[in-house]
Amino acid sequence: MKSNQLPELPFIKNKRHIYNKLSDKSISSVDIGWAIMDLELHSQLFCGESKVDGVTEFDIKKIKLEVDLSDSDARETIIHEIYHCMLESVGFHENNFDASKMLLTNEQLVVALSKQTMTLQKLNPALFSLLYHG
């Protein structure tokens, strides 16, 4: 899909579903500061051999979302994948993450995530407005 819109989703009958709202507002990506991550909808999304609701692929700059989710599950999944972007931005890529060597306090991690949240909200005001208020 090359347009700035997610494809029409006639099978999602709930007009207030986040996927319909994203399409209505022509939101098809997330600006994470150092990259633009395209949002893509997929049916039967897998990560390895596991069925997943979402996956972020930094190498191709895509956030892939399972199309067959309820509105609340879709919103949670988008936020979940955005948190993967936040952690990547502060050096905690999942492939390199070794919890046994993590020397952060809870407070340090919360500060990093709260600053990243503020940054991403400023870079993506329409997306966050829909996620939180839409």
Side-chain angles (χ1 to χ4, degrees):
M1 142 185 86
K2 278 297 192 190
S3 74
N4 286 339
Q5 287 185 285
L6 294 171
E8 286 189 33
L9 306 170
F11 52 91
I12 297 177
K13 295 181 181 14
N14 177 359
K15 299 267 187 227
R16 298 186 54 80
H17 192 286
I18 188 64
Y19 292 159
N20 286 326
K21 289 184 166 273
L22 292 172
S23 181
D24 291 347
K25 298 289 184 180
S26 299
I27 297 171
S28 62
S29 63
V30 179
D31 184 345
I32 60 171
W34 53 271
I36 304 292
M37 305 295 283
D38 291 326
L39 297 171
E40 286 187 352
L41 298 179
H42 292 262
S43 180
Q44 299 298 312
L45 185 60
F46 282 82
C47 183
E49 296 194 17
S50 300
K51 173 90 171 70
V52 295
D53 291 344
V55 64
T56 299
E57 296 184 7
F58 292 101
D59 56 331
I60 60 173
K61 296 180 178 47
K62 295 195 183 298
I63 296 175
K64 296 179 178 180
L65 304 165
E66 174 61 47
V67 72
D68 191 23
L69 296 176
S70 69
D71 179 65
S72 62
D73 287 346
R75 288 171 190 270
E76 180 183 349
T77 300
I78 293 167
I79 292 168
H80 175 103
E81 295 307 321
I82 288 172
Y83 268 77
H84 279 298
C85 294
M86 289 179 190
L87 289 172
E88 171 77 14
S89 295
V90 294
F92 292 128
H93 189 284
E94 188 172 353
N95 293 342
N96 304 325
F97 193 80
D98 182 352
S100 68
K101 294 181 181 177
M102 189 162 168
L103 302 174
L104 283 177
T105 65
N106 177 281
E107 184 65 18
Q108 290 169 319
L109 185 55
V110 168
V111 166
L113 290 173
S114 62
K115 286 182 178 181
Q116 285 295 307
T117 298
M118 291 175 66
T119 298
L120 292 174
Q121 284 179 328
K122 286 181 181 180
L123 292 172
N124 305 277
L127 172 63
F128 279 84
S129 178
L130 287 178
L131 287 172
Y132 294 143
H133 309 291

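Numbers for residues simply follow the sequence, beginning at 1.
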Fill in: Side-chain heavy atoms of Phe58 within contact of Met37, under 4.5 Å
yes
Are any non-hydrogen side-chain atoms of Cys85 and Thr56 less than 4.5 angstrom apart? yes
Phe46 versus Val52: any side-chain heavy-atom pair under 4.5 Å?
no
Walk me through it: do Leu130 and Leu22 pass the test side chain to side chain contact (heavy atoms under 4.5 Å, CB included)? CA-CA 8 Å; Leu130 287 178; Leu22 292 172; 4.0 Å; yes
Nearest heavy-atom contact between Phe128 and Leu120 is CE1-O, 3.5 Å
Check: Asn20 and His17 side chains under 4.5 Å, non-hydrogen atoms: yes
Heavy-atom neighbours of Glu76 CD exceed 12 at 6.0 Å: no
Subject >> side chain to side chain donor-acceptor pair (under 3.5 Å) between Gln44 and His42, worked out >> reply: CA-CA 6 Å; Gln44 299 298 312; His42 292 262; over 6 Å; no
Taking the side chain as C-beta and beyond, is there a heavy-atom pair between Tyr19 and Arg75 under 4.5 Å? no
When every non-hydrogen atom of Ile27 is compared with those of Leu39, the smallest separation belongs to O-CD1, 4.4 Å
Quiz prompt | Evaluation steps, side chain to side chain contact (heavy atoms under 4.5 Å, CB included), between Ile32 and Ile82 | solution = CA-CA 8 Å; Ile32 60 171; Ile82 288 172; over 6 Å; no
NZ of Lys64 to CG of Asp38, rounded to nearest 0.5 Å, is 11.0 Å
Those residues at least two apart in sequence (or on a different chain) that pass side chain to side chain contact (heavy atoms under 4.5 Å, CB included) with Gln108 are Leu104, Thr105
Exercise. Just wondering, do Leu45 and Asp53 contact through their side chains at under 4.5 Å, heavy atoms?
Worked result: no
### Message
One thing to verify: whether Lys62 and Glu40 come together as a salt bridge, which I'm taking to mean a side-chain N less than 4.0 angstrom from a carboxylate O.
### Response
yes
Side-chain donor-acceptor contacts of residues 111-118 below 3.5 Å, not counting sequence neighbours, with atom names and distances?
| residue | atom | partner | partner atom | Å |
| --- | --- | --- | --- | --- |
| Ser114 | OG | Val110 | O | 3.0 |
| Ser114 | OG | Val111 | O | 3.0 |
| Thr117 | OG1 | Leu113 | O | 2.8 |

Between the side chains of Lys51 and Glu66, is the shortest nitrogen-to-carboxylate-oxygen separation below 4.0 Å, so that they form an ion pair? yes
*asked:* When you compare the side chain of Tyr132 with that of Gln121, does any pair of heavy atoms fall below 4.5 Å?
replied: yes
Smallest heavy-atom separation, Val55 atom then Cys47 atom, equals CG2-SG, 4.0 Å
So CG of Leu127 and CD1 of Ile78: to nearest 0.5 Å the spacing works out to 6.5 Å
Checklist entry - Counting only N and O atoms by type, is there a donor-acceptor contact under 3.5 Å from the side chain of Glu81 to the main-chain atoms of Ile63? => result no
Heavy atoms of Asp31 and Ile36 approach each other most closely as CG-CD1, 3.5 Å
